[in-house]
Amino acid sequence: MGLIFKMAAVALCGALLAAFLRPHTPVFGILTALICGLVLLYAVMEPIGQIFNALAGFLTAAGISGAIYLPVIKAVGIAVIVHLTAQVCRDAGEGALGSKLELAGMIAAIAACIPLMEQVFAMLEAMLL
């Protein structure tokens with residue numbers, strides 16, 4: 001619980017500093033917001049690791065193969081990274097670049113899920129034959 005209050009304080013300070021700097025030097029305003037975002041992401045790295053370890057433990061205990069859940073985790077990771085980066089692009093006034101990044105992210109997420117699709121089709125084939 002204490003982590004979220006620290007993160008909220010960092011975000012608030014970063015937003016206020018960026019809002020103050022943006023009218024005078026837009027580049028420093030954008031950089032301030034970007035650095036603040038990176039600090040926040042770094043702060044949640046340990047909880048993210050705990051989530052992935054717990055999820056892997058649950059799926060292993062359930063007897064689910066890593067080949068099934070790994071593509072899904074990769075696709076979710078791609079989606080999160082693309083969403084955050086596209087928002088930074090939009091904050092920098094590059095909305096078109098953010099949209100193109102999101103399209104590229106969709107394609108990358110689909111490509112990451114190809115092994116999962118292959119397993120689903122193999123399972124369907126085995127069921128039908």
Side-chain angles (χ1 to χ4, degrees):
M1 190 64 143
L3 178 63
I4 195 67
F5 289 123
K6 291 176 186 175
M7 290 174 52
V10 167
L12 221 84
C13 291
L16 289 173
L17 186 59
F20 176 74
L21 290 174
R22 196 166 281 136
H24 304 291
T25 51
V27 173
F28 287 129
I30 292 169
L31 285 175
T32 301
L34 181 62
I35 291 170
C36 183
L38 290 173
V39 167
L40 292 173
L41 286 176
Y42 181 75
V44 295
M45 284 301 180
E46 185 180 336
I48 288 173
Q50 292 172 350
I51 290 168
F52 281 134
N53 289 337
L55 181 61
F58 296 148
L59 294 173
T60 302
I64 298 173
S65 167
I68 292 177
Y69 68 84
L70 222 58
V72 174
I73 290 174
K74 286 180 184 178
V76 169
I78 289 168
V80 168
I81 290 169
V82 165
H83 178 73
L84 292 173
T85 308
Q87 289 298 344
V88 169
C89 290
R90 287 190 184 92
D91 288 346
E94 295 295 329
L97 183 61
S99 296
K100 287 171 183 59
L101 176 65
E102 286 175 337
L103 175 63
M106 285 183 240
I107 293 168
I110 291 170
C113 287
I114 288 175
L116 177 61
M117 289 186 259
E118 289 172 347
Q119 286 197 353
V120 168
F121 289 135
M123 206 165 55
L124 286 174
E125 183 181 26
M127 289 171 61
L128 293 175
L129 297 179

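As the structure is a prediction and not an experimental result, all values here were calculated from the model.
- Counting non-hydrogen atoms of other residues, nucleotides and ligands closer than 6.0 Å to CD of E46 gives a total of 12 or fewer.
- Nearest heavy atoms, A43 versus L3: O-CD2, 4.0 Å.
- With sequence neighbours excluded, no residue satisfies side chain to side chain donor-acceptor pair (under 3.5 Å) with Q119.
- Closest non-hydrogen pair, T60 versus A56, comes out as OG1-O, 2.7 Å.
- Residues I30 and L17 fall into different hydrophobic clusters, defined by Ile, Leu, Val, Met, Phe, Trp and Tyr side chains chained together at heavy-atom separations under 4.5 Å.
- Here the straight-line distance linking atom CZ of F20 with atom OG1 of T32 works out to 11.0 Å at 0.5 Å rounding.
- Here H24 and F28 keep their ring centres 6.0 angstrom or further from each other.
- Contact record, A86 with G98: CB-O, 3.7 Å, taken as the closest heavy-atom pair.
- The same ILVMFWY cluster, assembled from side-chain heavy atoms under 4.5 Å apart, contains both Y69 and F52.
- Here the shortest heavy-atom pairing between G14 and C36 reads CA-SG, 3.8 Å.
- The structure places OG of S99 at 4.5 Å from CZ of R90, a figure rounded to the nearest 0.5 Å.
- In this structure, Y42 is not a member of the same hydrophobic cluster as I48, with clusters built from ILVMFWY side-chain heavy atoms closer than 4.5 Å.
- Ion pairing between E94 and K100 fails under the 4.0 Å rule for side-chain N and carboxylate O.
- Residues I78 and M106 fail the side-chain proximity criterion, which asks for heavy atoms closer than 4.5 Å.
- Across all their heavy atoms, G29 and A18 have their closest contact at O-CB, 3.5 Å.
- In this structure, I81 CD1 and T85 OG1 are separated by 7.0 Å, a value rounded to the nearest 0.5 Å.
- L124 and I114 fall within a single hydrophobic cluster, where Ile, Leu, Val, Met, Phe, Trp and Tyr are joined by side-chain heavy atoms under 4.5 Å apart, directly or via other members.
- Linking Ile, Leu, Val, Met, Phe, Trp and Tyr residues whenever their side-chain heavy atoms come within less than 4.5 Å leaves I110 and I107 in two separate clusters.
- Between V39 and M7 there is no side-chain heavy-atom pair separated by less than 4.5 Å.
- Proximity of L116 to V72: side-chain heavy atoms (C-beta onward) are separated by under 4.5 Å at one or more points.
- Distance CD1/I73 to CD1/I51: 11.0 Å, rounded to 0.5 Å.
- Put simply, CD1 on I35 and CG on L40 are 12.0 Å apart, with the number rounded to the nearest 0.5 Å.
- Taking every heavy atom of both residues into account, A112 and P71 meet most closely at O-CB, 3.3 Å.
- Counting only heavy atoms from C-beta outward, the side chains of L84 and L41 approach each other to under 4.5 Å.
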